[in-house]
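Accompanying notes for the structure given below.
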Amino acid sequence: VSGAKNSGYSSDQSISSGFTGLLERRQERHEKAGPLQLQSSQPRHTFHTGPRLASSASSKELLLKLRRKTGYSFVNCKKALEACSGDLKQAESWLHKQAQKEGWSRAAKLHGRKTKEGLIGLLQEGNTTVLVEVNCETDFVSRNIKFQQLVQQVALGTLLHCQNLKDQLSTYSKGFLNSSELSELPAGPETEGSLKDQLALAIGKLGENMTLKRAAWVKVPAGFYVGSYVHGAMHSPSPHNLVLGKYGALVICETSERRANLEDLGRRLGQHVVGMAPLSVGSLDDEPGGEAETKMLSQPYLLDPSITLGQYVQPQGVSVVDFVRFECGEGEEAAEAE
């Protein structure tokens with residue numbers, strides 16, 4: 001047994017020694033032949049983990065940024081970035097131009113369809129107040145944020161137009177813009193083109209005929225105050241103090257001193273104008289009229305019909321000198337009847 005064991009051990013040592021020698025000889029041949037080149041019949045797959053991956057992540061970030069900023073679909077945003085070699089500003093401009101082309105094409109197809117719905121927009125800044133009307137086909141679209149943004153742009157364009165008028169005010173000034181005049185106004189300092197370009201974009205996005213109906217503006221010097229009211233008011237989700245609704249009124253008052261309750265008084269006078277629809281101001285000397293009366297000061301006061309509006313205003317220390325009233329869609333029904 002002992003002999004067998006010793007014999008086995010010697011045999012193992014011999015195998016181990018031979019294997020070590022084989023490895024050493026292979027190593028020598030490898031060093032002489034140079035680096036071992038492995039050949040494979042299978043195609044090689046290369047994985048890039050450097051700049052290309054970073055580029056892909058960057059492209060995705062640009063795509064998301066463009067989508068958030070413009071609201072256009074991912075497909076169109078991707079097309080824009082590819083067309084503009086990844087330049088975000090150029091891609092945004094490209095998208096607007098494409099949408100505008102589509103909008104003008106759609107506007108031409110929808111032209112002539114009735115636009116009886118829409119919104120009145122009221123915007124006040126400093127001594128300037130504007131009232132605008134923008135129409136669409138359905139009440140559903142008038143509640144869409146994109147349509148409301150169009151109304152906001154029209155109000156801002158009108159406000160800037162009014163503020164740029166160089167006039168020395170000794171009394172109040174009032175002006176109106178019709179549809180064609182409104183369409184030609186610049187869209188604003190942060191937006192390219194005119195208001196009609198913005199109209200085409202909105203038509204392209206929402207798929208309804210729309211019209212920039214009209215606008216009114218009022219500027220007042222010291223000693224005057226503009227009261228305002230919008231019926232069914234909803235505040236626009238914008239940084240501007242824009243109020244939207246279906247009816248709107250501005251009432252211009254002259255006052256000898258700045259009174260604490262002027263804002264509340266102006267709102268009540270605006271409510272009266274919206275509800276009673278006067279055609280003129282009239283005079284405090286006019287005889288009181290009934291519900292059919294069209295002179296504002298002689299009408300029964302909307303919130304207290306036992307007195308006239310003139311009797312309500314007189315003790316307040318202000319004089320009503322003028323007003324503007326807009327009703328969304330007015331004139332459309334009359335034109336349709338004719």
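The shown structure was predicted, so the numbers you read here are calculated from the model rather than taken from an experiment. If you read the sequence from its start, that first residue is 1, and numbering goes on from there. Below, each value reflects all heavy atoms present in this structure, side chains not excepted, and no hydrogens, waters or symmetry copies.
With hydrogens and angles disregarded, a donor-acceptor distance shorter than 3.5 Å links the side chain of Arg325 to the backbone of Val274. With hydrogens and angles ignored, the 3.5 Å screen pairs a side-chain donor or acceptor of Glu293 with a backbone N or O of Lys295. For Glu92 (side chain) and Lys89 (main-chain N/O), no donor-acceptor pair under 3.5 Å exists by modelled atom type. Between the side chain of Asn127 and the main chain of Val220, a donor-acceptor pair closer than 3.5 Å is present. Formation of a donor-acceptor pair under 3.5 Å by the Thr158 side chain with backbone atoms of Ala215 is not found in this model. Side chain of Ser142 to backbone of Asp139: a donor-acceptor contact under 3.5 angstrom is found. Using a distance-only test at 3.5 Å, with no hydrogens or angles considered, no donor-acceptor pair links the side chain of Asp322 to the main chain of Ile252. Using modelled atom types, one side-chain atom of Asn164 and one backbone atom of Leu160 make a donor-acceptor pair closer than 3.5 Å. Asp87 places no side-chain N or O within 3.5 Å of a backbone atom of Cys84 that could act as its donor or acceptor partner.
There is no path of hydrophobic side-chain contacts, each under 4.5 Å, that joins Phe224 to Met296. Linking Ile, Leu, Val, Met, Phe, Trp and Tyr whenever their side-chain heavy atoms come within less than 4.5 Å puts Val130 and Val134 in one cluster. In the hydrophobic clustering of ILVMFWY residues, with side-chain heavy atoms under 4.5 Å counting as a link, Leu309 and Leu262 come out together. A continuous path of hydrophobic side-chain contacts links Val313 to Val251 [ILVMFWY only; heavy atoms under 4.5 Å]. In the hydrophobic clustering of ILVMFWY residues, with side-chain heavy atoms under 4.5 Å counting as a link, Val273 and Phe176 come out apart.
To the nearest 0.5 Å, atoms CD (Gln153) and CG (Leu201) are separated by 8.5 Å. With values rounded to the nearest 0.5 angstrom, Leu159 atom CG is found 9.5 Å from Lys219 atom NZ. Taken to the nearest 0.5 Å, the CG atom of Asn135 stands 11.5 Å off from the CD atom of Glu208. Once rounded to the nearest 0.5 Å, the distance linking CG of Asp304 with CD1 of Ile307 reads 4.5 Å. Rounded to the nearest 0.5 Å, atoms CG (Leu122) and OG (Ser228) are 4.5 Å apart. If you take CG on Leu250 and CZ on Phe323, they are separated by 11.0 Å, rounding to the nearest 0.5 Å.
Nearest heavy-atom pair, Leu242 versus Ala155, reported as atom, atom and distance to 0.1 Å: CD1-CB, 3.9 Å. Nearest approach of Ala91 to Ala80, heavy atoms of both residues: O-CB, 3.7 Å. Of all the heavy atoms in Val281 and Val320, the pair that sits closest is CG1-O, 3.6 Å. Counting all heavy atoms, side chain and backbone alike, Thr211 lies closest to Leu199 at N-CD1, 4.3 Å. Nearest heavy-atom pair, Leu212 versus Ser179, reported as atom, atom and distance to 0.1 Å: O-OG, 2.8 Å. The two residues Gln299 and Ala277 come nearest to each other via the heavy atoms NE2-C, 4.4 Å.
Here Tyr301 pairs with Tyr312 under the ring-ring contact (aromatic ring centres under 6.0 Å, His included) rule; sequence neighbours left out.
Enclosure of atom CZ in Phe140 is not indicated, since only 12 or fewer non-hydrogen atoms of other residues, nucleotides or ligands lie within 6.0 angstrom. More than 12 non-hydrogen atoms from other residues, nucleotides or ligands lie less than 6.0 angstrom from NZ of Lys174.
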Stepwise, does the side chain to side chain contact (heavy atoms under 4.5 Å, CB included) test hold for Arg268 with Tyr229? CA-CA 8 Å; Arg268 288 169 181 264; Tyr229 174 71; over 6 Å; no
Run the side chain to side chain contact (heavy atoms under 4.5 Å, CB included) test on Ile120 and Leu131 for me, step by step, so that the C-alpha distance in whole Å, both residues' side-chain angles and the decisive distance to 0.1 Å come before the verdict. CA-CA 7 Å; Ile120 304 295; Leu131 206 58; 3.9 Å; yes
Trace of the side chain to side chain contact (heavy atoms under 4.5 Å, CB included) decision for Thr308 with Ser298: CA-CA 6 Å; Thr308 64; Ser298 300; 5.6 Å; no
Take Val218 and Thr128 through the test side chain to side chain contact (heavy atoms under 4.5 Å, CB included) and record every step on the way to the result. CA-CA 6 Å; Val218 175; Thr128 306; over 6 Å; no
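Annotation: side chain of Glu291 is not in contact with side chain of Pro305 (no heavy-atom distance under 4.5 Å). Taking the side chain as every heavy atom from C-beta outward, Leu244 and Gln148 approach each other to under 4.5 Å. Residues Lys78 and Glu82 form a side-chain contact, since some pair of their non-hydrogen atoms from C-beta on lies under 4.5 Å apart. Looking at Lys65 and Leu88, their side chains come closer than 4.5 Å, going by heavy atoms from C-beta outward. Residues Leu177 and His161 are in side-chain contact: their nearest non-hydrogen atoms beyond the backbone lie under 4.5 Å apart. Counting heavy atoms from C-beta outward, Cys136 and Asn209 have side chains that stay 4.5 Å or more apart. Inter-residue side-chain proximity for Leu303 and Gln271 is flagged as met; some heavy-atom pair is nearer than 4.5 Å. Side-chain contact between Tyr172 and Glu254 is absent, with no heavy-atom pair separated by less than 4.5 Å.
For the residue pair Gln163/Glu125, the side-chain donor-acceptor check at 3.5 Å is satisfied. Under the 3.5 Å distance criterion, with hydrogens and angles disregarded, a donor-acceptor pair is assigned to the side chains of Ser180 and Asn178. With 3.5 Å as the limit, one finds no donor-acceptor pair spanning the side chains of Ser283 and Asp286.
Screening Leu165, Val132, Thr129, Leu123 for a side chain to side chain contact (heavy atoms under 4.5 Å, CB included) with Trp217, the sole residue that qualifies is Leu165. Under the salt bridge (charged side-chain N to carboxylate O under 4.0 Å, His left out) rule, Lys246 has a single partner from Glu117, Glu327, Glu330, which is Glu117.
Taking a cutoff of 4.0 Å between a charged side-chain nitrogen and a carboxylate oxygen, Glu137 and Lys114 do not qualify as a salt bridge.
Ring planes of His231 and Tyr247: perpendicular class, angle over 60° (limits at 30 and 60°).
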